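Here's the structure we're looking at; comments come further down.
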2 protein chains.
Amino acid sequence: IVECRNLKKRYFQGSVPVDALRGVDLQVEKGDFVSLSGPSGSGKSTLLNVLGGLDNPSEGSVKIAGQDLSQLSKGDLADLRLQRIGFVFQAYNLIPVLSAEENVEFILQLQGVGAAERRQRARMLLAQVGLTGMESRRPAQLSGGQQQRVAVARALAAKPSVVLADEPTANLDSATAESLLSLMAELNQESGITFIVATHDPRVIAHTRRRIVLTDGQIDQDVRVSED
Amino acid sequence: IVECRNLKKRYFQGSVPVDALRGVDLQVEKGDFVSLSGPSGSGKSTLLNVLGGLDNPSEGSVKIAGQDLSQLSKGDLADLRLQRIGFVFQAYNLIPVLSAEENVEFILQLQGVGAAERRQRARMLLAQVGLTGMESRRPAQLSGGQQQRVAVARALAAKPSVVLADEPTANLDSATAESLLSLMAELNQESGITFIVATHDPRVIAHTRRRIVLTDGQIDQDVRVSED
Ligand SMILES: Nc1ncnc2c1ncn2[C@@H]1O[C@H](COP(=O)(O)OP(=O)(O)OP(=O)(O)O)[C@@H](O)[C@H]1O
Ligand SMILES: Nc1ncnc2c1ncn2[C@@H]1O[C@H](COP(=O)(O)OP(=O)(O)OP(=O)(O)O)[C@@H](O)[C@H]1O
Ligand SMILES: [Mg+2]
Ligand SMILES: [Mg+2]
């Protein structure tokens, strides 16, 4: 469901090239639960951004659900992202003037989901990430880990086919991280949602069947582990 | 060097009170290296903000280097923070239009440090957190973990007496986190800088002699471990 070939991403620092991705080949099956780890600066966020159509590669191609992103019009790409991809940003990117609940409902509204269902789904997801009672708070009135969980709830509420999560447990204690992972595992198994999770967290990696390690813009390791 | 008594912090959500701190008593000696852990939402950031004079308590008192923060004028408090306290924010709070190097030098400039020495100190700290070659990049051109390290370098460059670090390794891989902790341990032992580190990271907790656990706005545990 997610596929890329010879993916390269080059930034320019003045005239100096920075090769964030140096030729990444990847195929992720529908229903897979993949962790993507590697040193700080190795290209994890860049890879997720390009896979999610938020950024263009310098070379190579990306296919989501069979569609080549470079062949899509701007409108069609935005549509694909809205309907098919749930993104959890490393810096959350919550809308400061909206409450937690409104932030989660925002994407549902763009998707044309009715008001009653939006509210119910948002409240359920916020409850599932442990934020019952905090629905009307704005991001500035929430702790770092609470903001992180709103960002996760927002990505999941949209019922995407693929979730690209950039370090979703970075600011969470063990118990909260554990319950978030169980929620993701449950959605993966029961709804067939595909997960690609960039992470430094060994607990997250332990929860995944497939473990990819990125180093210096290239895949260093791509192993499948048996169920334990 | 850091002391608080019966510290309380109450927010209001509409008319509903939220007690983020419910009476915290703490005494930290000069040269101590303390970890502050506890569930997401337990009050760690709030405690660091109040200890660092960035926020006022609803009740109780804070003393830094013998000075009662509530007795200081606004100017004297700002001065104390500038000269004595290094703060690493959970969300980094880097200045987007400044480069990494300029972000680190910023505080030194406020402290009146000369241009040549500012440059040298900033470069050394950036090298010590593994960011050699990235000095002229702006935050948006850095990975999450690289931004986090600039925030750490900024706090350390100012040569504070006390460093209050809010989850400084959240976005770092094990090797990078380890080297950051060694740097902090070195500054603690050689320069006598006091560290209070809010964290979910077991590796960080393992590096600290004194471990405080906060739950629901109160200190649940405050233990000293022997050197290992
Ligand atoms: N706009 C840019 N200009 C120059 N270099 C960039 C830019 N954006 C990212 N980079 C560099 O590309 C590399 C990969 O960045 P990326 O954010 O993907 O790393 P990461 O693996 O997500 O790191 P972390 O674990 O710290 O979040 C880094 O070295 C980063 O400094
Ligand atoms: N302005 C505010 N209004 C209402 N409640 C607030 C406000 N700021 C913080 N809180 C609440 O106070 C509690 C403590 O927040 P704090 O940020 O100190 O937690 P934390 O321990 O740092 O959490 P994390 O590990 O997630 O960063 C949280 O439940 C939070 O929702
Ligand atoms: Mg990243
Ligand atoms: Mg916090």
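Values in this document were obtained by computation on a predicted structure and should not be read as measured data. Just so we're on the same page: letters track the sequence lines, and every chain starts at 1.
Heavy atoms closer than 4.5 Å to chain A are found in the side chain of B:Val18, but not in its backbone.
For B:Phe33, the ring-ring contact (aromatic ring centres under 6.0 Å, His included) criterion is met by B:Phe195, not counting sequence neighbours. By the side-chain contact (heavy atoms from CB on, under 4.5 Å) test, B:Ala153 pairs with B:Val104, B:Leu125, B:Leu126, B:Val129, sequence neighbours left out.
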Extract the chain A to chain B donor-acceptor pairs under 3.5 Å, no hydrogen or angle test applied.
residue  : atom : partner  : partner atom : Å
A:Gln13  : NE2  : B:Gln141 : OE1          : 3.4
A:Ser40  : N    : B:Asp173 : OD1          : 2.7
A:Ser40  : OG   : B:Arg149 : NH2          : 2.8
A:Gln90  : NE2  : B:Asn171 : OD1          : 3.0
A:Gln141 : OE1  : B:Gln13  : NE2          : 3.4
A:Arg149 : NH2  : B:Ser40  : OG           : 2.8
A:Asn171 : O    : B:His200 : NE2          : 3.1
A:Asn171 : OD1  : B:Gln90  : NE2          : 3.1
A:Asp173 : N    : B:His200 : ND1          : 3.3
A:Asp173 : OD1  : B:Ser40  : N            : 2.7
A:His200 : ND1  : B:Asp173 : N            : 3.3
A:His200 : NE2  : B:Asn171 : O            : 3.1

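Listed options A:Ala170, A:Gly145, A:Ala177 were ranked by heavy-atom pairs under 4.5 angstrom with chain B; first place goes to A:Ala170.
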